[in-house]
Amino acid sequence: MVVDGASEGAEGTEEGVDRLFHALADTTRRDILRRCVRGDLSVSRLAEAYPMSFAAVQKHVAVLERAGLVVKQRRGREQLVRTDPDAVVRARQALDELEAAWRGRVERMSRLLSQELPSEVRSGAASEARSDVPDPMEGQD
């Protein structure tokens, strides 16, 4: 799936969308993203909040960075992590495009079914006609 109108680079490609949703699929990464929305945090400060190693948090941040959700910036000895404000817009665009595609498919299927089914099926007469068929499970208590 290609996201129309996304910023240049990998974000607009199918691989970029895959990276975006892969990054958002993990609870820890979503939490890191939420924390960084409130302000720039160092990787070491982020690591203090989780019951995992510093290296594991670094890997989570790297996944978020590859997906374009965060940007790392060196300040002295620290690596500060901040959320890319356009990241949520890209995710929303991808979801909107998926929703539009699925809604279009459902509408086309609905139109097709309403054109092809006999009128008595659409009106519910078929369900009444089937009421004379015995229920094989009846009386098996």
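All values reported here derive from a predicted model rather than from experimental measurement.
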| Using 4.0 Å as the upper bound for N to carboxylate O, is an ion pair formed by R103 and E107? | no

- Task: Say whether V71 and L41 are linked into one hydrophobic cluster, either directly or through other cluster members, by side-chain heavy-atom distances under 4.5 angstrom.
- Result: no

Quiz item: Quick check: does any side chain N or O of R74 sit under 3.5 Å from a backbone N or O of Q79, one acting as donor and the other as acceptor?
Solution: no

| task | Report yes if the side chains of H60 and D26 come closer than 4.5 Å at any heavy-atom pair, otherwise no. | result | yes

Is the closest side-chain heavy-atom distance between V17 and E97 below 4.5 Å? no

d(R19 CZ, E14 CD) to nearest 0.5 Å is 11.5 Å

Heavy-atom nearest pair, A91 first then F21, reads O-CZ, 3.9 Å

Within a strict 4.5 Å, meaning less than it, do heavy atoms of the L46 and V61 side chains meet?
yes

Q) Taking side chain as C-beta onward, heavy atoms only, is D40 less than 4.5 Å from V81? A) no

Short side-chain to backbone donor-acceptor contact, D86 and V89, under 3.5 Å: no

When rounded to the nearest 0.5 Å, the distance separating CG of D84 from CD of E65 is 11.0 Å

Open item on the list: Side chains of V57 and M52, heavy atoms from C-beta outward: is any pair under 4.5 Å?
Closed with: yes

Residues A67 and R90: closest non-hydrogen pair is O-NH2, 4.2 Å

Does some side-chain heavy atom of L24 sit less than 4.5 Å from a side-chain heavy atom of L69?
yes

Between the CD atom in Q73 and the OG atom in S42, the distance rounded to the nearest 0.5 Å is 13.0 Å

Inset, instruction - Would you verify whether the NZ or CZ of R45 falls within 45 degrees of the ring axis of F54 while also being under 6.0 Å from that six-membered ring's centre? - result: no

Do the side chain of R30 and the main chain of A23 share a donor and acceptor less than 3.5 angstrom apart? no

Check: Do the non-hydrogen side-chain atoms of V63 and R29 ever get within less than 4.5 Å of each other?
Finding: yes

Checklist line | In one Ile/Leu/Val/Met/Phe/Trp/Tyr side-chain cluster, 4.5 Å: L33, L95 | finding: yes

Can a salt bridge be assigned to the pair R35 and D31 using a cut-off of 4.0 Å between side-chain N and carboxylate O?
yes

Quiz item: Is V37 reachable from L20 through a run of I, L, V, M, F, W or Y residues, each pair having side-chain heavy atoms under 4.5 Å apart?
Solution: no

The reported gap from CZ in R66 to NE2 in H22 (rounded to nearest 0.5 angstrom) is 7.5 Å

Tell me whether the count of non-hydrogen atoms from other residues, nucleotides or ligands lying under 6.0 Å of CZ in R75 goes above 12.
no

